[in-house]
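Heads up: the structure comes next, in structure tokens.
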Amino acid sequence: GGSLLRSEYELLAQVSVIVAVHLVHVPGTDKYLYMERPSGYHYDGSRQIAGTFDLVTRRWQHLETPDGLFCCGHTLMSDGSVAIVGGHQANAGFPSGMASIRTWRDGQPGLNKITEMKTNRWYPTITLLQDGRLLIMGGTQGVGAGTANNENYEIWDPKNPLVTIEKPVEKNYLRAVRQNYYPFNYVLPSGDMFNFCARIGWIMDPMTNTYKTTLPPRPGYAGAQFPYTGSSVMLPLMPAKNYKVEIMVFGGANERANVNLSMDAGSWSHRITVNPPAAAGLPYTFDGWYEEFMGSPRVMGDATLLPNGQVILMNGAKQGLAGDASSGGGSRANYPNFYAELYDPDAPAGTRYTTLARSQIARLYHSTVALTTNGTLLVTGCDRCWKIDSDLPFSMPRAKAEYRNEIFYPPAWYDFARKPRILTAPSFISYNVQFSVTYTGEQDPNVPVTSAVLVAPSSCTHSFNMNQRVVGLVMQRNDPLNKILTLVAPPSANHAPPQKYMLFLLNGKTYSKAAWVQLG
């Protein structure tokens with residue numbers, strides 16, 4: 001359908017040297033870390049499987065890697081490093097990385113292997129916790145469905161980096177989800193964790209290994225984890241709403257698509273409100289899942305939070321499943337979903353989805369998206385986008401791997417007349433402590449600022465952004481004459497785990513470019 005909202009995809013002149021199967025925004029920069037499975041079609045003949053692309057200089061830099069990274073989990077650490085765990089069996093000259101814990105920070109020539117986990121993990125989720133430790137959960141011990149599940153999760157402490165602590169995953173949950181692939185995990189303002197896989201989940205405390213309240217199952221027939229891959233976000237945690245927790249799962253595929261790849265993907269999203277216990281010892285309660293129809297079916301899409309709380313859906317297919325075809329390593333999905341969609345969580349029910357611009361590039365299995373510091377989206381990846389059926393003309397890659405990068409401009413980006421601009425902001429802020437920001441307008445010096453948010457840098461793979469988070473800030477004072485805001489940092493590490501965030505100022509739904517701040 002047509003849209004009155006302006007948006008567009010821009011094809012960058014610069015291609016990446018490797019495929020962005022894994023995409024991480026490097027904190028404090030406009031660089032992105034790309035990691036791939038050895039794709040073999042590099043235009044410079046290189047053999048590396050990691051590198052960085054700088055959106056400002058448009059320069060590519062190769063990185064060395066100790067072992068196979070494909071199908072790893074990754075997130076940001078409190079000190080700005082990237083943590084990369086698990087991965088692939090020995091392949092293309094790279095030793096197995098399935099048990100590895102590695103780190104990398106900007107300026108280092110390659111990834112560093114620090115230690116090994118207790119078990120192999122293929123498709124694990126890693127989550128930055130409130131105290132700077134990292135939770136590693138899920139994944140199988142071998143490559144692919146049918147291999148042994150991981151019955152424990154592990155907690156890794158960068159301050160005590162050679163060992164991990166193991167704790168058991170709830171047995172019935174593990175049995176029900178079968179393969180605990182890339183679970184959707186979110187640290188909650190209560191200090192507990194939302195943990196979801198396939199169609200079920202728990203509110204649990206990973207530190208004490210307490211499984212507190214089981215989630216109602218997601219309705220409908222579509223699974224959300226590989227190969228029925230859906231996407232998920234936690235909507236912004238806003239002080240005006242008392243940091244109300246709402247979590248969404250988008251799309252996915254019918255489990256019966258295993259035997260019929262021409263089945264349509266799921267075309268609905270589900271939204272649930274997580275209410276903390278009314279008193280000590282009582283369970284969490286839930287409102288939802290509330291079902292809404294998206295504009296089109298979508299399996300293995302990407303869902304990206306904008307600073308204004310809107311969600312941009314893109315990538316994926318209208319039919320089939322994630323994964324490699326059994327013959328020749330082609331796609332198990334067809335009919336790419338070329339259109340981006342906007343979901344506005346604050347709009348009236350029934351009017352929240354709007355179809356936006358379309359790309360000329362198919363982004364199916366192993367595509368990724370990340371927010372940029374100017375509030376646009378870097379769209380890249382796909383290594384199974386060749387020889388596919390499509391109901392629209394599109395631009396084919398020159399090999400089955402897709403190296404082209406795009407920038408997507410969402411509607412709010414174009415509102416220059418109402419866009420604020422940050423002039424000064426502190427580089428470090430402390431929990432629950434006031435700080436000052438000075439501002440003007442991008443074009444009009446008299447634009448108002450109505451709110452401010454922190455946005456965590458992206459860490460995206462396999463349709464899930466493991467570090468995605470938007471947290472609203474209390475505005476203590478707003479002096480529009482002198483253009484000074486007095487803001488208050490988030491109340492605790494439960495609301496926003498300690499790391500570098502992008503600070504955005506908003507005027508209604510229109511947002512500024514970001515300033516980086518370290519929260520701790």
Side-chain angles (χ1 to χ4, degrees), residues 22-33 52 72-85 101-108 111-112 114 125-137 155-161 184-189 191-194 206-207 233-234 236-237 243 304-305 307 370-373 375 422 425-433 435 437 452-461 464-473 487-504 514-520:
H22 303 270
L23 182 69
V24 186
H25 190 176
V26 181
T29 75
D30 291 291
K31 288 182 193 169
Y32 291 82
L33 171 65
T52 58
C72 63
H74 39 82
T75 196
L76 282 310
M77 296 165 59
S78 292
D79 71 351
S81 302
V82 185
I84 303 139
V85 298
I101 296 178
R102 323 161 195 79
T103 64
W104 175 79
R105 73 181 297 157
D106 190 27
Q108 293 177 334
L111 281 56
N112 308 295
I114 307 298
T125 290
I126 177 169
T127 310
L128 176 64
L129 298 177
Q130 301 91 311
D131 59 4
R133 292 189 295 172
L134 295 121
L135 174 83
I136 304 162
M137 184 184 282
I155 295 175
W156 179 61
D157 185 353
K159 294 190 177 74
N160 185 18
F184 299 151
N185 287 351
Y186 301 101
V187 172
L188 302 178
D192 292 325
M193 175 169 277
F194 179 98
M207 313 282 198
V233 301
M234 178 166 67
L237 299 170
Y243 303 103
T304 309
L305 283 172
L371 188 72
T372 73
T373 56
I422 297 170
S427 53
F428 185 90
I429 58 175
S430 299
Y431 290 107
N432 215 23
V433 173
F435 63 98
V437 176
V453 295
L454 297 182
V455 183
S458 292
S459 184
C460 177
T461 191
F464 184 46
N465 189 330
M466 296 182 196
N467 196 50
Q468 185 158 245
R469 197 176 192 92
V470 175
V471 184
L473 300 173
L487 303 172
V488 185
S492 78
N494 297 335
H495 298 78
Q499 60 172 323
K500 262 197 166 79
Y501 288 87
M502 290 179 278
L503 168 70
F504 287 91
W516 287 100
V517 297
Q518 173 79 37
L519 173 64

> Of the non-hydrogen atoms in L135 and P206, which two are nearest, and what is the gap between them?
Replying inline: CD1-CB, 3.8 Å
> Closest approach of M77 and L128, non-hydrogen atoms and distance?
Replying inline: CA-CD1, 4.4 Å
> Please walk me through it: do L454 and I429 pass side chain to side chain contact (heavy atoms under 4.5 Å, CB included)?
Replying inline: CA-CA 11 Å; L454 297 182; I429 58 175; 4.2 Å; yes
> How close do A489 and L519 get, heavy atom to heavy atom, and via which atoms?
Replying inline: CB-CD1, 4.2 Å
> If every non-hydrogen atom of P498 is compared with every non-hydrogen atom of A493, which pair is closest and at what distance?
Replying inline: CD-CB, 4.1 Å
>> So, using side chain to side chain contact (heavy atoms under 4.5 Å, CB included) as the criterion, who are the partners of A456 when residues are at least two apart?
In response: N467, R469, Q499, Y501
>> If you define the side chain from C-beta out and look only at heavy atoms, does anything of L129 sit under 4.5 Å from V187?
In response: yes
>> Could you tell me if the side chain of N432 sits less than 4.5 Å from the side chain of V488, heavy atoms only?
In response: yes
>> Measuring only between side-chain heavy atoms, which start at C-beta, is H25 closer than 4.5 Å to T373?
In response: yes
>> Under the side-chain contact (heavy atoms from CB on, under 4.5 Å) test against V24, which residue among T75, I84, T52, L76 passes?
In response: L76
> Do T461 and C72 touch side chain to side chain, with heavy atoms closer than 4.5 Å?
Replying inline: no
>> Less than 4.5 Å apart, side chain to side chain, heavy atoms only: is that true for M234 and F194?
In response: no
>> Please give me the minimum heavy-atom distance between I114 and W156, naming the atom from each residue.
In response: CG2-CZ2, 4.1 Å
> Would you call the rings of H74 and H22 parallel, tilted or perpendicular if under 30° counts as parallel and over 60° as perpendicular?
Replying inline: perpendicular
> Sequence neighbours excluded, which residues qualify as side chain to side chain contact (heavy atoms under 4.5 Å, CB included) partners of T29?
Replying inline: V26, K31, D106
> How about L473 and F435: do any of their side-chain heavy atoms sit closer than 4.5 Å?
Replying inline: yes
> Charged N to carboxylate O below 4.0 Å: is that the case for R133 and D131?
Replying inline: yes
> Which heavy atom of A425 sits nearest a heavy atom of V437, and at what distance?
Replying inline: CB-CG2, 4.3 Å
>> Quick check: do I101 and L134 have side-chain heavy atoms less than 4.5 Å from each other?
In response: no
>> Are P236 and L305 packed together at the side-chain level, in the sense that at least one heavy-atom pair is separated by less than 4.5 angstrom?
In response: yes
